[in-house]
Amino acid sequence: MELPAPVSLKQPLYVPNKTLMGPGPSNGSQRVLDSLSNPILGHMHPESFEIMDDIKAGVQHLFQTKNTATMCISGSGHAGMETAFVNLVEDGDVVLLGCTGLWGHRAAEMIKRLNGDIRYVEARFGRSLTMKEIEFAFEGHKPQIFFVAQGDSSTGILQQHLKEIGELCERYNCLFVVDTVTSLGGTEFLMDAWKVDMAYTGSHKVLGAPPGITPVSFSERAIARIRSRKTLVKSYYLDALLVGQYWNCFDLPRIYHHTISSTLLYGLREALAQVCAAGRKNVITRHQECSHRLQCGVQDIKLEMFVPNANDRLPTVNTIKVPTGVDWRKVSEYAMTKYNLEISGGLGPTAEQVFRIGLMGENATFERVDLVLNILHEAIQSTKLQEKSKI
Ligand SMILES: *Cc1c(COP(=O)(O)O)cnc(C)c1O
């Protein structure tokens with residue numbers, strides 16, 4: 001007997017229009033959304049290759065790198081992260097993880113699977129790592145790879161001193177891997193000048209493209225390390241030498257490695273084009289000014305930022321302490337039910353403790369900052385009233 005087709009699929013597709021001001025994804029611009037309805041192209045068609053070349057140039061510009069091994073992975077930010085480690089880590093390699101929140105620990109979950117020798121250097125709660133802490137950890141562990149998230153979206157912490165860390169890594173002949181998923185485009189990042197060996201970012205945070213395609217870049221030193229591996233990279237799909245050949249990184253003929261989504265290429269190309277048209281530095285400044293305005297507004301409504309030191313605050317994901325007696329879930333629900341606005345709670349080490357407000361891409365405007373502040377204030381007042389009426 002044939003199983004019947006699901007009744008739900010007889011209904012038309014319904015997608016609400018939400019304002020996404022959590023830690024990502026962010027809203028896409030009309031130009032990005034429009035690009036997604038273009039016809040699908042083959043993954044080996046010359047028109048697709050041209051779009052891939054445009055994307056590569058845009059990503060090199062945003063990372064400020066001349067790395068030829070700059071490409072995209074078909075997958076979300078996690079796939080970029082896994083690409084770093086599956087290519088660079090071999091059995092027993094000492095990997096030092098800088099932790100300012102959840103993401104160092106998420107990296108550990110991947111490195112465990114590769115039999116890497118994991119060590120940690122943990123920042124004090126709510127702070128970024130100091131050079132002293134990092135230097136001390138390097139002396140003790142002599143790592144082959146050092147990882148840190150420039151922006152940790154679980155805590156809203158911006159890791160400073162990347163230039164100094166790059167120099168330290170060079171002295172120790174250690175590869176330097178940086179997660180820029182939530183930070184790129186919202187704060188300065190200079191891959192070559194800071195001697196970063198591998199960086200990845202997200203398409204759906206500051207850039208405002210759809211999730212599912214992740215820009216990554218490897219330095220020559222990193223590519224040399226991959227070429228000298230004793231064992232095969234343990235993932236075919238994420239093998240940087242194969243993906244890189246498809247992305248025309250190595251002066252070798254392009255190969256069919258997998259079917260890339262042409263639709264996602266269109267969205268990412270247009271998102272990059274918009275950042276380039278506005279100017280990379282202007283976009284960064286806009287994000288910083290928006291975060292500053294939010295921080296001032298937070299004070300005005302008698303709330304407190306989670307990260308005490310202003311220099312340690314990530315402009316793109318802003319963490320605000322949940323006031324005592326307030327249930328963050330109710331606040332978040334109120335904003336979504338009444339205004340279709342996403343305000344997130346904490347994650348990992350900040351669970352139950354903070355609101356996370358994303359100011360990224362289309363949502364990094366003064367209008368959106370004021371909107372989210374007004375709604376956050378109203379939502380908190382309303383949940384307080386509810387509590388009172390219960391008593
Ligand atoms: C969002 C995020 C990721 C993961 O991205 P996904 O697209 O959800 O897989 C990784 N690192 C940081 C810092 C992030 O904010």
Side-chain angles (χ1 to χ4, degrees), residues 20-28 32 59 62-63 72-86 95 97-111 113 122-123 128-129 146-160 162 176-187 189 191 196 198-217 235 237-238 261 264 267-268 271 287 291 306-307 312-319 342-351 354-361 363-364:
L20 304 177
M21 297 187 78
S26 64
N27 292 97
V32 166
V59 171
L62 284 201
F63 278 143
C72 292
I73 300 298
S74 294
S76 75
H78 274 84
M81 192 176 210
E82 199 135 41
T83 298
F85 300 121
V86 84
V95 187
L97 302 173
C99 300
T100 54
L102 169 100
W103 291 102
H105 298 276
R106 184 58 55 90
E109 291 301 318
M110 296 177 179
I111 296 162
R113 288 162 168 75
E122 295 260 2
S128 84
L129 286 157
F146 177 71
F147 164 86
V148 77
Q150 183 183 27
D152 191 303
S153 49
S154 71
T155 50
I157 290 173
L158 172 70
Q159 177 59 48
Q160 307 182 59
L162 294 191
F176 186 20
V177 177
V178 182
D179 175 322
T180 70
V181 176
T182 28
S183 58
L184 195 79
T187 184
F189 180 75
M191 183 164 193
V196 174
M198 196 285 177
Y200 55 92
T201 191
S203 56
H204 56 297
K205 304 232 180 174
V206 173
L207 294 179
I213 184 159
T214 294
V216 304
S217 185
S235 163
Y237 195 67
L238 302 179
S261 161
L264 293 181
L268 181 56
H287 282 80
S291 178
F306 167 71
V307 179
D312 286 345
R313 288 178 195 154
L314 180 65
T316 47
V317 177
N318 298 266
T319 43
E342 179 173 46
I343 294 176
S344 297
L347 176 72
T350 61
V354 301
F355 298 113
R356 290 187 299 160
I357 295 184
L359 302 174
M360 294 186 275
N363 299 329

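Just so you know, ligand 1 is whichever comes first in the structure, and atom 1 is the first atom listed for that ligand.
Shortest contact from atom 15 (O) of ligand 1 to any protein heavy atom: Ser153 OG, 2.6 Å. Given atom 8 (O) of ligand 1, the protein heavy atom at minimum distance is His78 ND1, 3.8 Å. Closest to atom 2 (C) of ligand 1, if we only count protein heavy atoms, is Lys205 NZ, 2.8 Å. If you check which protein heavy atom lies closest to atom 11 (N) of ligand 1, you get Asp179 OD2, 2.7 Å. Trp103 CH2, 3.3 Å is the protein heavy atom nearest to atom 3 (C) of ligand 1.
Residue Val148 is tested with Leu129, Val177, Asp179, Leu97 for a side-chain contact (heavy atoms from CB on, under 4.5 Å); the sole match is Leu129.
Here's the thing with Tyr200: none of its N/O atoms is less than 3.5 angstrom from an N/O atom of ligand 1. Residue Asp152 has no N or O atom closer than 3.5 Å to an N or O atom of ligand 1.
Residue contacts with ligand 1, taken as heavy atom pairs separated by less than 4.0 Å, do not involve Met81 at all. Residue-level proximity to ligand 1 for Arg106 is absent, since no heavy atom of it falls below 4.0 angstrom.
Side-chain contact of Asn363 with Ser26: a donor-acceptor pair under 3.5 Å is absent, judged by distance alone.
Between Leu268 and Leu207, some side-chain heavy-atom pair lies under the 4.5 Å cut-off. Contact check for Thr187 versus His287: no side-chain heavy atoms found under the 4.5 Å cut-off. Residues Asp312 and Gln160 are in side-chain contact: their nearest non-hydrogen atoms beyond the backbone lie under 4.5 Å apart.
Distances below 4.0 Å separate heavy atoms of Thr182 from the following atoms of ligand 1: 13 (C), 15 (O). In the vicinity of Gly77, heavy-atom distances shorter than 4.0 Å reach the ligand 1 atoms 5 (O), 6 (P), 7 (O), 9 (O). Counting the atoms of ligand 1 from 1 in the order shown, those under 4.0 Å from a heavy atom of His204 are 7 (O).
When Gly212, Gly151, Gly101, Ser203 are ranked by how near their heavy atoms come to atom 13 (C) of ligand 1, first place goes to Gly151.
Shown here for Trp103 and Ser153, the closest heavy-atom pair between the two residues is NE1-OG, 3.0 Å. Across Val32 and Pro210, no two heavy atoms sit closer than the pair CG1-CD, 4.1 Å. Closest non-hydrogen pair, Pro23 versus Thr182, comes out as O-CG2, 4.0 Å.
Taking the six-membered ring for Trp and thresholds of 30 and 60 degrees, Phe189 and Phe63 have ring planes more than 60 degrees apart, a perpendicular arrangement.
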